[in-house]
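Comments concern the structure below.
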Amino acid sequence: MKETMSNHWFLWKLCFKATPKYMGFVIYDAIRYQLLVFIEHTLLIRYVLYCAEYHEPFYKAAIAVGLVFLAYVIAFGIDGYFRHKLELREKPKLYKALKEKLYNKAASIDLECYDNPDYYNDLVLSVAESDNTINRFLDLITLAIKSIMIFLTTGIFYILVDAVGLVFIFISFIASIFISKLLNKINFEVRNAINPLEKKKNYVNRTFYLKDYAKELRLHGEVGDILENDLYESNKEIVEIQKKAGGKRTLLSFIKDFVFSSFILDGLYVAYLIFKAVVLHAIDYSSAVVLFNRTGEMRRGMRDLSSVIPKANENSMYITKIRDFINYEPKIVSLSDKKIEESIGEISLEDVSFAYSENVPNTLNNITLKVKPGEKIAIVGYNGAGKTTLVKLLMRLYDPVSGTIKYAGQDIREYDIDEYRKNIGVIFQDFQIYGAMLSENVVMDDIDESDKVMREGVTNALIHSGFGDRLASFERGLDTPLTTEFDKEGINLSGGEGQKVAIARSFYKNAKVLIMDEPSSALDPIAEYSLNKAMEEMSVGKTVFYISHRLSTTRDADRIIMLEKGRIIEQGSHDELIALGGKYNEMWEAQAGKYYA
């Protein structure tokens, strides 16, 4: 219970800070609604019946009806403003406030979190359920206030007229709380069980409607059959899970809704009222009728209030996952605020080993390497040798399991992490193009359209990456939107064109260290040759790490590092490694040797 209260207090503070006006309206609306219902359905009806029973003048009843009608007119006028103006403007702020926290944390968590299936599932669930969690929270506030108002107003009425009726109500109320808690526990377990299956269904759905998969699905029809079978199996498992829980749900719902609700309140209590009014004459008929009429409202209030705590417990489970995600403390953090010096520093790896988790073998083993300022290093090796992992450590996306990486003689963990990463320009093999303007895809930030220096820098970077001719064909130039997902006038780039834009990012950044992970994998030979020349020009005075399977592009490197099973097995210049006649020579002969013989 303490955790449930803490979790919802967390959401209340978040929501109230985002829009106090709207949260105040939620409370007002719940109080106003139930108060008017009580006045109309309890006090007004009792007074009208009283007037009829004791032959009071008609105008008294008419005045009472008119006053209640006026109260409703005023209330609905206020509601119109709040619901059709304030709510539409303010409620999205609640979703935005929580999503911002989630997105900011997602941008800062360690990459190893994505390697952990349990943590990644929690991440997906947190983001997917964020809006629903807030909606459930708002519903809980409304439900709780309305239920409390029912018990305060109608409950006081019962005490003043016939307090014994509350005994029937509280017996039903306490029993329903217990049953509701069991039901919500089952619902939460079902939701958790089907979550991975829903993810699989969503994956299959994406493959059938996203453009990325369209060609292969048409060329390989059997893939579609396999995916359809996966969808069928997932649906089948979801149905089995729901069926397994169905019997328990049915039994518990019957006990809750009939035995502890209808039978006690509509059966036993009504019999008691008839006996007291007709046989004992202890209450007048108008009071008996109103008490009978209010049993439905009290039953609803009892049912709603009995469900508040279980529903709060259920929602709290989602809030716990959201808070755990938000409160996650990254391990890759700055140990100090040390800045990078102006000059390019030496990079050294001292006995570095790394594994992606404790339960798998090391991806890198005892790597020791010194790279001089301005040196051009090519990293080669077969798939799985650890090439990309090595540069991820250099970028400090991960920290080594053991050993030390230094820049300019300083452990890179001692540098301010943002400053250190600004020092590195990267061209990823699995680059992404975003649904934004071309200039923003290069700068990777908002761009001031009036900043001529910035725009010139973007243009130069695109020209050097080989994108100049394509840029010249765009009517809107740097302001051309990429992808048609959000703009029908957007441009969908080819794989090679997208890679040139990704390369331009690194050129624009003008960093001291360049890391190029298969930068020419999507380029044709002529474009690759032009890119190599551009990189030679742009990388003058910079330290460069170049990963490539195409050994023809590594010949001009100052030094080539050959990796195998996470270890450096050979290093030297191209000619030195050819003369050595080892693994690098084998790769060279298999790939390019005959063209350069």
Note, Lys99 side chain near Lys96 side chain (heavy atom, < 4.5 Å): no
Over 12 foreign heavy atoms within 6.0 Å of CE, Met444: yes
Residues Arg476, Glu489; criterion salt bridge (charged side-chain N to carboxylate O under 4.0 Å, His left out); working and verdict: CA-CA 10 Å; Arg476 295 168 61 177; Glu489 296 182 0; 3.5 Å; yes
Side chain proximity check, His574 to Tyr584, heavy atoms < 4.5 angstrom: yes
Salt bridge present between Lys583 and Glu570 (N-O < 4.0 angstrom): no
Beyond-backbone contact of Tyr22 with Arg89, side-chain heavy atoms, under 4.5 angstrom: no
salt_bridge(Asp418, Arg421) N-O dist < 4.0 Å: no
Pairwise side-chain contact, Thr133 with Ile319, heavy-atom cut-off 4.5 Å (strictly under): yes
Carboxylate-amine/guanidinium proximity below 4.0 Å for Asp558 and Lys372: no
Asp469, CG: over 12 other non-hydrogen atoms inside 6.0 angstrom: no
Over 12 non-hydrogen atoms of neighbours within 6.0 angstrom of NZ in Lys21: no
Pairwise side-chain contact, Thr320 with Asn7, heavy-atom cut-off 4.5 Å (strictly under): yes
Glu456 with Lys452: basic N within carboxylate O range, under 4.0 Å: no
Arg455 and Asp479 ion-paired at < 4.0 Å: yes
Carboxylate-amine/guanidinium proximity below 4.0 Å for Arg470 and Glu497: yes
Side-chain heavy atoms of Thr404 within contact of Lys406, under 4.5 Å: yes
Mutual orientation of the aromatic rings belonging to Tyr356 and Tyr398 [parallel < 30°, tilted 30-60°, perpendicular > 60°]: perpendicular
4.5 Å side-chain heavy-atom contact, Leu478 and Leu471: yes
Among Val371, Leu514, Ile561, Leu390, the one residue meeting side-chain contact (heavy atoms from CB on, under 4.5 Å) with Phe545: Val371
Side chains of Thr543 and Ile347 in contact at under 4.5 Å (non-hydrogen atoms): yes
Residue pair Asp351 / Thr368, side-chain donor-acceptor N/O under 3.5 Å: no
Steps toward side chain to side chain donor-acceptor pair (under 3.5 Å) verdict (Ser465, Arg505): CA-CA 9 Å; Ser465 72; Arg505 293 170 185 163; over 6 Å; no
More than 12 heavy atoms from other groups under 6.0 Å of NZ on Lys93: yes
